[in-house]
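Quick notes on the structure that follows.
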Amino acid sequence: MANAHFPSVYRPGFGLATDLYQLTMAAGYYHRKVHERRAIFHLFFRSAPFGESAALACGLPLAADVINGLRFSADDVQYLGRLKNANGAPMFREPFLNYLQRLRFTGDVHAIPEGMMASPQEPLLRVEARLVEAQLLETALLTVMNFSTLIATKAARIKAAAGEDTVLEFGLRRAQGLDGGLTASRAAYIGGCDATSNVWAGRYYGIPVKGTHAHAWVMAFPNEMEAFEAYAAAMPGNCVFLVDTYDTIEGVKKAIRVGLRLRENGHEMLGIRLDSGDLVALSIQSRRLLDAAGFPGASIVASDRLDEYAIRDLKARGAKIDTWGIGTNLVTSKDQPALGGVYKMAALRQEDGSWATKVKLSETAVKTSYPGRLNVRRYAESDGTPSASVLYNELNGMPSASFTPAGGAPQALPATSNHDLLEPVFLKGEQVMEFPEIAATRDRAVRQWKRWSGLSVPSGPDHRLSSEKAALLQKYRR
């Protein structure tokens with residue numbers, strides 16, 4: 001089952017999209033003849049970003065592309081064959097390199113569907129596969145899931161601050177590379193942004209694209225009036241005039257004059273854009289001028305170093321802005337530039353076919369992982385509002401932890417509807433999940449965020465039961 005995601009932009013194979021130590025471990029597994037033992041890994045985050053108690057799961061179709069692309073071309077293998085160790089000898093032996101060239105994913109993957117809310121410690125992904133396969137996927141899976149989930153959550157916070165206003169993602173020029181910009185645009189749209197300026201993302205992901213002109217357009221003409229007239233002639237159906245190149249209020253007046261001429265010719269000025277200055281005062285003055293001139297429907301777009309904090313502040317101070325262009329602070333998630341998700345082994349099948357559960361231990365409770373084949377059973381009220389979740393081990397049917405969406409353990413599990421969150425994405429190496437159109441995923445994410453927003457409160461680094469973590473520490477130290 002093919003996806004029109006990464007492979008249509010990048011090369012089809014992702015074997016080398018990894019850290020060197022993943023390959024050295026894989027070679028070691030092969031040398032010890034344990035490489036084909038079945039293993040279970042979980043991808044999760046230990047604490048939610050931005051002081052939230054949960055995050056929007058995002059990036060699953062990209063993860064599926066990575067899994068489908070777990071392969072090494074002849075050129076890849078030749079490159080690896082040229083790597084040397086500290087003694088100058090080949091780092092990887094020829095039998096292992098030959099094995100890599102034949103490698104394909106044969107395992108199972110279960111995941112929380114994209115656009116659903118996930119709490120700390122809940123697996124976004126569960127990979128059950130041959131040890132070498134599961135290990136080699138770690139870096140690329142973390143890359144796409146961490147960043148996508150982070151940006152989708154940031155976008156949801158920005159959209160919540162904007163309320164019914166339009167939010168546009170304008171971040172490509174400030175993104176961490178072209179690939180970072182592409183992924184950020186996708187995740188931002190899923191998180192709630194209404195459109196993007198990124199035409200590449202519009203082409204590959206079907207995201208609505210929006211944009212107007214820059215200061216360079218105005219500066220390319222003898223004066224501002226001539227620039228607006230030229231743009232109106234070239235793009236009569238897409239006129240949002242950037243009015244702050246010289247004098248903002250004079251720019252608004254000129255935009256109105258051009259807008260009246262557009263109307264005479266059967267077109268309508270869509271709005272103006274403010275990119276600097278006192279956005280509260282300028283937007284209030286601009287709104288008065290536009291309304292008085294007969295343009296009550298013309299939008300006022302703002303695009304000056306904005307994020308959820310700035311939007312809340314501007315709205316509280318009476319700004320008359322109805323469209324927000326968000327760039328740097330969204331696509332780089334400037335206040336928290338990384339999610340910090342991890343990928344931990346939780347079980348390894350032994351020679352006799354039994355499972356040996358595995359735990360990463362730490363004196364820091366949040367860094368002690370849960371063992372087994374984990375799933376999440378979520379309880380909800382009749383209106384869909386989440387009330388509690390149980391993290392449980394499918395290998396023995398026993399719960400590992402229980403908690404509420406706002407953090408902390410419930411007094412008792414509610415007698416409401418429940419379902420298991422993790423759904424099959426791959427079975428025996430074949431992709432079985434079909435992903436919805438991106439607009440449908442966005443709708444799900446927006447609904448989920450609204451249901452959780454009233455429940456989410458800032459949480460500490462670990463809202464799981466400390467007694468259970470203490471019990472794990474004692475068990476695995478013995």
Side-chain angles (χ1 to χ4, degrees), residues 38-46 48 53-61 63-64 67 107-129 134 141 145 149 341-347 355 357-358 369-410 412-428 430-436 440-441 444-445 447-449 451-452 455-456 463-465 468:
R38 201 163 178 87
I40 298 173
F41 283 76
H42 299 118
L43 189 156
F44 59 94
F45 53 89
R46 291 174 173 138
S53 65
L56 269 175
C58 188
L60 184 56
I67 294 166
D108 302 339
V109 176
H110 290 71
I112 293 178
E114 190 174 45
M116 296 288 287
M117 296 296 289
S119 295
Q121 304 288 350
E122 293 179 351
L124 297 176
L125 279 173
R126 185 183 75 213
V127 178
E128 183 173 338
L141 290 181
M145 295 298 295
T149 298
V342 295
Y343 184 84
K344 298 298 179 186
M345 182 188 292
W355 285 99
T357 55
K358 303 292 181 178
S369 61
Y370 287 104
R373 181 191 290 133
L374 299 180
N375 207 328
V376 182
R377 183 156 295 159
R378 182 160 294 164
Y379 293 79
E381 304 295 345
S382 57
D383 64 354
T385 302
S387 54
S389 295
V390 172
L391 189 68
Y392 73 94
N393 181 0
E394 291 183 347
L395 294 179
N396 58 20
M398 298 297 291
S400 298
S402 57
F403 46 92
T404 65
L413 291 177
T416 55
S417 63
N418 67 81
H419 69 283
D420 289 353
L421 285 189
L422 271 63
E423 298 181 5
V425 184
F426 287 81
L427 294 175
K428 297 181 179 179
E430 296 294 325
Q431 186 179 329
V432 296
M433 177 178 282
E434 294 190 20
F435 300 110
T441 300
R444 172 197 281 163
R447 290 194 305 271
Q448 281 274 303
W449 189 265
R451 284 175 177 168
W452 282 66
L455 304 171
S456 295
H463 63 258
R464 294 299 188 273
L465 302 181
E468 291 166 351

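One-based numbering along the sequence shown. Worth knowing before you read on, the calculation uses all heavy atoms, side chains too, and leaves out hydrogens, waters and symmetry mates.
- Shortest non-hydrogen contact noted between V390 and P399 is CG1-CB, 3.8 Å.
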The test is side-chain contact (heavy atoms from CB on, under 4.5 Å); show your working for F41 and L141 and say whether it passes.
CA-CA 11 Å; F41 283 76; L141 290 181; over 6 Å; no
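- For the pair H42 (side chain) and L374 (backbone), a donor-acceptor distance under 3.5 Å is present.
- A donor-acceptor distance shorter than 3.5 angstrom exists from the side chain of S53 to the backbone of P405, with no hydrogens or angles considered.
- Between A57 and I112 the shortest heavy-atom distance is CB-CG2, 4.2 Å.
- In this structure, R46 and Q121 have side chains that are in contact, with non-hydrogen atoms separated by less than 4.5 Å.
- For R38, the side-chain hydrogen bond (donor to acceptor under 3.5 Å, both in side chains) partners at least two apart in sequence or on another chain are D108, E128.
- Neither side chain, Y370 nor N393, offers a donor N or O lying under 3.5 Å from an acceptor on the other.
- F45 is listed as a side-chain neighbour of P120, based on a closest heavy-atom distance under 4.5 Å.
- Shown here for A118 and R378, the closest heavy-atom pair between the two residues is CA-NH2, 4.3 Å.
- Within the 3.5 Å criterion, the main-chain N or O of C58 finds a donor-acceptor partner in the side chain of T149.
- Rounding to the nearest 0.5 angstrom, the gap separating the CE atom in M145 from the CG atom in L43 is 6.0 Å.
- When every heavy atom of M117 is checked against every heavy atom of A54, the shortest pair comes out as CE-CB, 3.7 Å.
- At distances below 3.5 Å, not a single donor-acceptor pair connects side-chain atoms of Y343 with backbone N or O atoms of L125.
- Taking both residues in full, the closest heavy atoms of A129 and G107 are given as CB-CA, 3.8 Å, listed atom of the first, atom of the second, then distance.
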Checking side-chain contact (heavy atoms from CB on, under 4.5 Å) for the pair Y379/S402: CA distance, chi angles, key distance, verdict?
CA-CA 11 Å; Y379 293 79; S402 57; over 6 Å; no
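- Checking R373, R126, E423 one by one against H110, the side chain to side chain donor-acceptor pair (under 3.5 Å) holds for a single residue, R126.
- Taking the side chain to side chain contact (heavy atoms under 4.5 Å, CB included) definition, one finds that V376 meets it with E122, P123, S389, L391, L421, L422, sequence neighbours left out.
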For L56 and W449: C-alpha separation, side-chain torsions, deciding distance, then whether side-chain contact (heavy atoms from CB on, under 4.5 Å) applies.
CA-CA 8 Å; L56 269 175; W449 189 265; 4.0 Å; yes
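- Side-chain N or O atoms of R444 include one that pairs as donor or acceptor with a backbone N or O of E114 at under 3.5 Å.
- Annotation: the span from K358 atom NZ to S369 atom OG amounts to 11.5 Å, rounded to 0.5 Å.
- The residue from L60, I67, V432 that alone fulfils the side-chain contact (heavy atoms from CB on, under 4.5 Å) condition with V425 is L60.
- Across Q431 and A64, no two heavy atoms sit closer than the pair OE1-CB, 4.0 Å.
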